[in-house]
Amino acid sequence: MASAKTWTLKNDSVKCNADVRKAIAAYLKNGQTRDAAEAYLKLEEYYNFFHGPGYGPRIAYYEKALALFTSVQVNDRAAATLKILGDFYQIEGNFPKSIVALKSSLHLYQSLKKQDDLQGLYDLIGTVSAQLGKYGEAIEYGLLAVRAAEAAGDTSSLQLSTTLNRMGTTYYTIKQYDRALIYFKKSLAVAQKNNDVDYVILLAYNTANTLKILHRPQEGYALMKKMARLYQPKQLANRVLVNTSYLNMLVAAKSFGPGRGFCDTLIRLSSLVGPDDRNQALLQQTIALYFMAVKDYKQARIHADNYEAMGKKTANKDALLNAYRTQYQIDSLAGDEVNELKNFKKYTTLKDVLFNEKTTKQIAQLEIMHDMEKKKQEIKVKETNIKALQKQTQLQNSNIKQQATLQKLSVGGLILLALLLGLSYNRYLLKQRVNRQLQVQQSEINLKNRSLTNLITEKDGLLEEKEWLMKEIHHRVKNNLQIVISLLNTQSSYLNDDVAYKAIRESQHRMQSISLIHQKLYQSENMALVSMPAYISDLIQYLSDSFDIAPRIRFEMDIAPVELDVTKSVPLGLILNEAITNSIKYAFTEDGDGIIYIALRECSENNYELTIRDNGRGLTENIDLSKSRTLGMSLMRGLSKQLSGTFAVKNDDGIAIIINFTNEKRLIA
């Protein structure tokens with residue numbers, strides 16, 4: 001596995017893949033099933049690194065890892081793998097397979113009683129449910145995702161923006177456009193906070209399209225124009241969305257002349273978009289609607305048929321519904337009654353499936369569940385009062401019949417009945433008024449409780465967001481350093497000058513020592529501190545592999561369990577890199593064996609001493625190395641000052657470099 005990682009630095013995908021597969025075979029032979037599963041996930045990671053986001057091979061690697069995790073009941077890793085698989089399936093348009101994987105992941109998380117990061121999982125299940133036409137489930141899981149974000153104090157992440165956008169999409173699909181507009185605008189605001197160009201353009205498109213449906217196309221056109229001016233979209237997918245939005249707004253405003261130029265642009269873009277790309281469906285639908293509006297029914301039918309074919313291929317019922325509607329509208333305008341009737345029947349049949357009474361009722365219940373409970377109580381009170389009135393009325397009627405012969409008492413009986421009815425009605429009105437007052441008070445209490453809860457969780461949410469941002473920063477720094485290392489490696493292959501080649505290799509080692517620090521920070525639960533024993537061990541392994549010195553030169557280590565922050569660990573790592581590299585290159589003869597000793601000890605409270613010593617040939621001349629002006633020695637002296645420490649060099653049976661520095665004591669738990 002370490003060798004495979006090294007091949008990534010040399011940009012050799014074949015040897016990298018071969019080494020990982022050898023590791024998998026060894027793991028399986030030794031019964032290390034979980035390690036074999038993790039290695040398959042590494043294969044997927046390396047495939048993405050070398051070849052980009054091709055989902056077919058990546059899905060295959062994840063499926064093999066899932067089978068191994070499941071066989072040894074490592075349920076937490078199986079749940080995480082199922083979640084990513086479900087996302088991959090839905091990106092490819094395989095929605096039935098995606099929903100099975102996502103719900104299996106949710107079941108595993110719930111069995112483990114883990115509530116971490118369920119926001120994204122709920123959101124994915126809601127999205128795929130909507131694609132399958134299960135709008136009740138889509139709303140249910142979307143609301144669960146929003147509640148999970150609120151519970152976590154998430155107010156500005158891209159995950160929250162995604163959740164809000166998908167809720168808006170579901171409401172748009174079931175024609176609740178006012179609610180859809182609310183969610184789209186909230187999502188757009190969050191995306192702008194993150195300055196994410198792709199998501200800003202997508203949400204501007206969704207918001208503008210909803211404004212068009214609400215008969216506000218000019219407002220939608222102005223919004224998209226503003227976002228395009230501010231964010232300058234250059235990606236093909238973003239250009240599709242911007243030009244599609246412009247054309248939709250112009251058609252809605254009946255500005256067909258200016259719309260022709262945008263239609264031609266969309267036809268040109270459709271030739272650049274892949275046939276299975278979801279943007280192709282959007283292009284075909286928009287072009288069909290434009291030609292229908294300008295009464296070019298021949299062209300409109302061609303693009304509407306393309307739209308229908310894509311809906312069938314991806315099992316996207318919403319796209320199919322829109323395609324059937326567009327087709328029967330074109331047939332109606334063209335006077336083709338036979339095809340109009342056929343396509344209208346397809347449209348109404350699918351619409352009845354997607355928007356039946358049960359689904360509508362389920363959605364309403366999910367949104368106003370707590371209000372429904374109150375209304376049920378009110379209905380029970382009313383029913384009780386009505387039954388009491390009916391019983392009283394029946395009793396009075398019986399008394400009237402029995403006393404029909406008593407003419408003198410009939411007037412009194414009627415008056416008594418009227419009084420009883422009036423009193424009952426008065427009590428009924430009084431009870432209704434009291435119930436309304438209680439409901440208002442309960443609402444105020446609930447509102448105050450929610451406010452208190454939000455205040456309590458806000459602090460924790462901000463801390464979690466900070467940790468997430470720090471983790472992302474370290475990850476990106478590590479990736480950027482790896483890119484620079486790879487570029488230097490590529491450049492070195494074109495050099496004929498040994499001095500320049502050696503300088504580039506030394507620069508690679510220095511950057512790798514820094515990259516390892518950010519990798520440790522990214523992988524650690526503690527985003528601020530680096531474990532020195534683990535870091536120094538990884539750095540030594542890297543240098544040993546790079547110079548290919550094993551087993552000729554051995555390393556001995558005595559490292560205290562210390563954690564340092566970035567300001568200390570970076571200069572310390574660079575000093576180690578320079579000292580170890582010098583010992584490897586100059587301390588020993590080409591065929592001679594040797595030992596390099598590295599120690600990090602606590603001398604006194606918060607005071608530490610770093611020693612790098614070799615048993616090599618040393619220096620025969622009486623040279624003061626502490627004043628040497630070579631690049632390596634200059635670097636180590638400067639970095640020692642950065643540590644606020646002292647730098648010393650000894651020439652006694654080999655070279656010893658000693659750094660003394662002070663640091664707040666942090667022991668590994």
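Scope of the values below: all heavy atoms of this structure, side chains included, with no hydrogens, waters or symmetry mates.
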(request) Can you establish whether the number of heavy atoms outside K186 located under 6.0 Å from its atom NZ is more than 12? (result)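 No, because the 6.0 Å sphere around NZ of K186 holds 12 heavy atoms or fewer from other groups.
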
(message) Would you say CD of E63 has more than 12 non-hydrogen atoms from neighbouring residues, nucleotides or ligands within 6.0 angstrom?
(response) yes

(request) Determine, step by step, whether Y172 and Y177 satisfy the ring pair (Phe, Tyr, Trp, His ring centres under 6.0 Å) criterion, reporting the C-alpha distance in whole Å, the side-chain angles of both residues, the deciding distance to 0.1 Å, and the verdict. (result) CA-CA 5 Å; Y172 182 92; Y177 301 116; 5.2 Å; yes

Closer than 3.5 angstrom, by distance alone: can the side chain of [X] be matched with the main-chain N or O of [Y] as a donor-acceptor pair?
{"X": "T173", "Y": "T169", "result": "yes"}
{"X": "S157", "Y": "D154", "result": "no"}
{"X": "S245", "Y": "V242", "result": "no"}
{"X": "T265", "Y": "G261", "result": "yes"}
{"X": "S161", "Y": "L158", "result": "no"}
{"X": "S187", "Y": "Y183", "result": "no"}
{"X": "Y199", "Y": "N194", "result": "no"}
{"X": "N243", "Y": "R239", "result": "yes"}

What's the shortest heavy-atom distance between [X] and [Y], and which atoms?
{"X": "M310", "Y": "A281", "value": "SD-N, 3.4 Å"}
{"X": "F95", "Y": "V128", "value": "O-CG1, 3.5 Å"}
{"X": "E137", "Y": "S129", "value": "OE1-OG, 3.4 Å"}
{"X": "Y40", "Y": "A65", "value": "CB-CB, 4.0 Å"}
{"X": "G220", "Y": "A208", "value": "O-CB, 3.5 Å"}
{"X": "P233", "Y": "V197", "value": "CA-CG1, 4.4 Å"}

Note, [X] side chain near [Y] side chain (heavy atom, < 4.5 Å):
{"X": "H107", "Y": "K103", "result": "no"}
{"X": "N339", "Y": "Q327", "result": "no"}
{"X": "L132", "Y": "P96", "result": "yes"}
{"X": "F50", "Y": "N17", "result": "no"}
{"X": "F291", "Y": "C263", "result": "yes"}
{"X": "N322", "Y": "R325", "result": "yes"}
{"X": "L160", "Y": "Q119", "result": "yes"}
{"X": "L41", "Y": "R77", "result": "yes"}

(message) As a test of understanding, state which of V240, L282, L223, L188 forms a side chain to side chain contact (heavy atoms under 4.5 Å, CB included) with Y205.
(response)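 The residue from V240, L282, L223, L188 that satisfies side chain to side chain contact (heavy atoms under 4.5 Å, CB included) with Y205 turns out to be L282.
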
(message) Going by side chain to side chain contact (heavy atoms under 4.5 Å, CB included), T244 matches just one of I287, T286, N209. Which one?
(response) T286

Checking side-chain polar atoms at under 3.5 Å, does [X] have a donor or acceptor matched by the opposite partner on [Y]?
{"X": "T349", "Y": "Y324", "result": "no"}
{"X": "N195", "Y": "Q192", "result": "no"}
{"X": "Q285", "Y": "N306", "result": "no"}

Could you tell me whether [X] and [Y] make a salt bridge, using a distance below 4.0 angstrom between a side-chain N and a carboxylate O?
{"X": "K346", "Y": "E340", "answer": "no"}
{"X": "K42", "Y": "E45", "answer": "yes"}
{"X": "D264", "Y": "R260", "answer": "yes"}
{"X": "D336", "Y": "R301", "answer": "yes"}

(request) Could you walk me through whether Y290 and D296 pass the side-chain contact (heavy atoms from CB on, under 4.5 Å) test, one step at a time? (result) CA-CA 9 Å; Y290 173 77; D296 188 344; over 6 Å; no

Can you tell me how far the [atom1] atom of [X] sits from the [atom2] atom of [Y], to the nearest 0.5 Å?
{"X": "Q280", "Y": "Y307", "atom1": "CD", "atom2": "OH", "answer": "12.0 Å"}
{"X": "L241", "Y": "L236", "atom1": "CG", "atom2": "CG", "answer": "10.0 Å"}
{"X": "S13", "Y": "H51", "atom1": "OG", "atom2": "NE2", "answer": "4.5 Å"}
{"X": "L266", "Y": "Q284", "atom1": "CG", "atom2": "CD", "answer": "10.0 Å"}
{"X": "Y55", "Y": "E92", "atom1": "OH", "atom2": "CD", "answer": "8.5 Å"}
{"X": "L143", "Y": "T163", "atom1": "CG", "atom2": "OG1", "answer": "11.0 Å"}

(request) Could you check F88 against E44 for side-chain contact (heavy atoms from CB on, under 4.5 Å), going step by step and ending with a plain yes or no? (result) CA-CA 12 Å; F88 283 174; E44 182 275 335; 4.1 Å; yes

(request) Under the salt bridge (charged side-chain N to carboxylate O under 4.0 Å, His left out) rule, what do E219 and K226 come out as? Steps first, then yes or no, please. (result) CA-CA 11 Å; E219 188 177 342; K226 177 182 177 182; over 6 Å; no

(request) Mind telling me whether F262 and Y246 have parallel, tilted or perpendicular rings, with 30° and 60° as the class edges? (result)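 Ring orientation, 0 to 90° scale: tilted.
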
(request) Check the angle between the aromatic planes of Y328 and Y347 and answer parallel, tilted or perpendicular using the 30° and 60° thresholds. (result)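 It falls in the tilted class, 30° to 60°.
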
(request) Apply side-chain contact (heavy atoms from CB on, under 4.5 Å) to L82 and L102, showing your working. (result) CA-CA 6 Å; L82 278 165; L102 293 173; over 6 Å; no

(request) Please determine which of T170, N206, T207 meets the side-chain hydrogen bond (donor to acceptor under 3.5 Å, both in side chains) test together with N165. (result) N206

(request) Go through Q218 and M249 one step at a time and tell me if the side-chain contact (heavy atoms from CB on, under 4.5 Å) criterion holds. (result) CA-CA 7 Å; Q218 291 85 358; M249 299 305 111; over 6 Å; no

(message) For M292, give me all partners under side-chain contact (heavy atoms from CB on, under 4.5 Å), at least two apart in sequence or on another chain.
(response) L289, A300, Q329, I330, L333

